[in-house]
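Below you'll find the structure, written out as structure tokens, and then a few comments.
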Amino acid sequence: MTSNLDRAPNHYRGSGHFHVMGHLSIDLSRCIGCSACASVCIRGNIVMEVGHPSETGGGMGCFDCGHCLAICPEDAISLTRYPDFEPRE
């Protein structure tokens, strides 16, 4: 099984559909830019840039809580530490 990390080890790869940051991988072909992920990040680690989320890396940083992953209506976010995670139905 190919993981998000295998498909997008750098910031952009292939057709540019994945944006991999420190802890987060965003599938740009699925992201609708709703900013729900940024609104629930309890450490303020996600900001919207050009209509898509970006990890700031500043402040206290991401600690893989998964709030952004859980709230994303399009399942566009995955945690790079857990590339094969499948959300429960």
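- Here the shortest heavy-atom pairing between Asn45 and Cys62 reads ND2-CB, 3.2 Å.
- For Cys72, the side-chain contact (heavy atoms from CB on, under 4.5 Å) criterion is met by Glu74, Ala76, Ile77, not counting sequence neighbours.
- Between atom OG of residue Ser54 and atom CD1 of residue Ile46 there is a gap of 9.5 Å, rounded to the nearest 0.5 Å.
- Counting side-chain heavy-atom gaps under 4.5 Å among Ile, Leu, Val, Met, Phe, Trp and Tyr, Ile32 is found in no cluster with other residues.
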Derivation and outcome, side chain to side chain contact (heavy atoms under 4.5 Å, CB included), residues Cys68 and Cys41: CA-CA 6 Å; Cys68 58; Cys41 182; 5.8 Å; no

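- You'll find the side chain of Ser35 stays beyond 4.5 Å of the side chain of Pro53, heavy atoms only.
- Separation of atoms CG (Asp64) and OG1 (Thr80) is listed at 6.5 Å; rounding is to 0.5 Å.
- Rounding to the nearest 0.5 angstrom, the gap separating the NE2 atom in His23 from the CG atom in Leu79 is 9.0 Å.
- The hydrophobic cluster containing Ile42 also includes Phe63, under a criterion of side-chain heavy atoms closer than 4.5 Å among ILVMFWY residues, counted directly or through chains of members.
- To the nearest 0.5 Å, atoms CD1 (Ile26) and NE2 (His52) are separated by 10.0 Å.
- Taking CD of Glu49 as the start and OG1 of Thr56 as the end, the distance is 9.0 Å to the nearest 0.5 Å.
- Met48 belongs to no multi-residue hydrophobic cluster, having no ILVMFWY side-chain contact under 4.5 Å with any other such residue.
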